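What follows is one structure encoded as structure tokens, with my remarks underneath.
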2 protein chains.
Amino acid sequence: MFTIDTRSRTPIYEQLMEKLKELIIREVMKEDEQLPSVRVLAQQLTINPNTIQKAYRELEHQGYIYSIPGKGSFVSPVKNEINKERMEMLRKELERIVGEILYLGVPKDEVIKLIETMEEPERREDKND
Amino acid sequence: MFTIDTRSRTPIYEQLMEKLKELIIREVMKEDEQLPSVRVLAQQLTINPNTIQKAYRELEHQGYIYSIPGKGSFVSPVKNEINKERMEMLRKELERIVGEILYLGVPKDEVIKLIETMEEPERREDKND
DNA sequence: TTAACTGTATTAATATAAATAATACAGATG
DNA sequence: CATCTGTATTATTTATATTAATACAGTTAA
């Protein structure tokens, strides 16, 4: 499914979160799709189940997945009460990074251009639950 | 000068780096201005000199400050060979964060609006060394 | 030159966090 | 019932961050 660098200084569970988020954001994994179980993924990546569990727990807390005991873990539907803390954190991070980029001399226009090349995810409007 | 949260889960040296970068980016501290010495700052913040040293070392590696043994540590002039690794890392981080924000349903226009409200640092063009 | 600064380096000890390991429990499913 | 799922707990090991105590060399001013 993906690879983990056990020697990296960034913790395994964080790497896992990034990779999984990537799959969710790029919509490789879609709403309500089941994630590999804690044990299966642990075996595939040859890392400890507890580490997977930690990553899943965090992703659930951030609103990216939801878990049902006995059934499994699944990708969260996007619009369901976006985590406000997370949104606030992202806004701050964005400001920090753009601030740093501007300081380093990259003109604002270029930053905006970069963002304009990025794709907005397509989404149905009609699916109001 | 600033405050450090020793109980925070983010390492002290990272907090220090953020705070100092903030001062440099907001141009509270200007080119070639001297930073407090390792020992003085350590005493002020009541943390270990080695921790300050670590932060300074990293900031130097990222191109934000330069140190002269026996003299002190100073804010780097901005245009002097921007750290390309760092620029690349910032670009990637930007893409990651904006990607996540877009995924969460914030329209691209709004992200761009936010960036447009940010101030570009003013800089002389004539000072070509 | 001496005294008091500066950054830098090293080595050891301690504290905190991450990761592994071994289980256990309860819900879901066929 | 057997086997899958998530979740929780406790202990141990390993890695990282932090402190501590020095040492050395360059700078600066008295």
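Naming: A, B, ... by sequence-line order, numbering from 1 per chain. Small disclaimer: the values here were computed from a predicted structure and weren't measured.
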message: Is any side-chain heavy atom of A:Glu93 closer than 4.5 Å to one of B:Glu93?
response: yes
task: Mind calculating the distance between NZ (B:Lys54) and P (D:dT16) to the nearest angstrom?
output: 10 Å
task: Would you mind reading off the distance between A:Gln34 atom CD and D:dG6 atom C1', rounded to a whole angstrom?
output: 11 Å
message: Closest-nucleotide mapping onto DNA chain D: is B:Glu14 or A:Ser67 further toward the 5' terminus? I mean the 5' end.
response: A:Ser67
- line: Closest to the side chain of A:Val38, out of D:dA17, D:dT5, D:dG6, is D:dG6
- prompt: Within this structure, what is the CD1-to-P distance between B:Ile52 and D:dA17, rounded to whole angstrom?
  reply: 16 Å
Please list, one pair per line, the donor and acceptor atoms closer than 3.5 Å that link side chains of residues 39-57 of chain A to other protein atoms, with sequence neighbours excluded.
unit_1	atom_1	unit_2	atom_2	d
A:Asn48	OD1	A:Asn50	N	2.8
A:Tyr56	OH	A:Pro36	O	2.7

Touch class at under 4.0 angstrom, heavy-atom based, for A:Thr6 against every strand present: nothing
- request: Calculate the interatomic distance between B:Glu58 atom CD and D:dT18 atom P; express it in whole Å.
  value: 13 Å
query: Heavy atoms, side chains only, cut-off 4.5 Å: are B:Leu114 and A:Val98 in contact?
result: no
message: Using whole Å, what does the distance between atom C1' of nucleotide D:dG6 and atom CD of A:Glu60 come to?
response: 9 Å
- line: Bounded by its outermost nucleotides with an atom under 4.0 Å from a heavy atom of chain B, the footprint on DNA chain C reads C:dT6 to C:dT10
- line: Between B:Ser8 and B:Ser73, the residue closer to the 5' end of DNA chain C by nearest nucleotide is B:Ser73
- request: May I ask you to evaluate whether B:Tyr13 reaches the phosphate of D:dA17, defined as a side-chain N or O under 4.0 Å from OP1 or OP2?
  value: yes
task: Mind calculating the distance between CG (B:Asn48) and C1' (D:dT16) to the nearest angstrom?
output: 15 Å
query: Is there side-chain contact between B:Val106 and A:Met87, with heavy atoms separated by less than 4.5 Å?
result: yes
Atom-pair distance (NZ on A:Lys71; C1' on D:dT5), nearest Å: 10 Å
- prompt: Nearest 0.5 Å, what's the CD-CG distance between A:Glu100 and B:Leu94?
  reply: 11.5 Å
task: Check whether any side-chain heavy atom of B:Leu23 lies under 4.5 Å from a side-chain heavy atom of B:Val75, and answer yes or no.
output: no
- request: Please report, rounded to the nearest Å, how far the C1' atom of D:dT5 is from the CD1 atom of A:Ile65.
  value: 13 Å
field: 5'-most by nearest nucleotide on DNA chain D - B:Pro11 or A:Ile68
entry: A:Ile68
- prompt: With a 4.0 Å cut-off on heavy atoms, is B:Arg9 in touch with a base, just the backbone sugar-phosphate, or nothing at all?
  reply: nothing
- prompt: Is it true that a side-chain atom of A:Glu33 and a backbone atom of A:Lys30 form a donor plus acceptor pair closer than 3.5 Å?
  reply: yes
task: Look at all strands and tell whether B:Arg57 reaches a base, only sugar-phosphate, or nothing, counting heavy atoms closer than 4.0 Å.
output: nothing
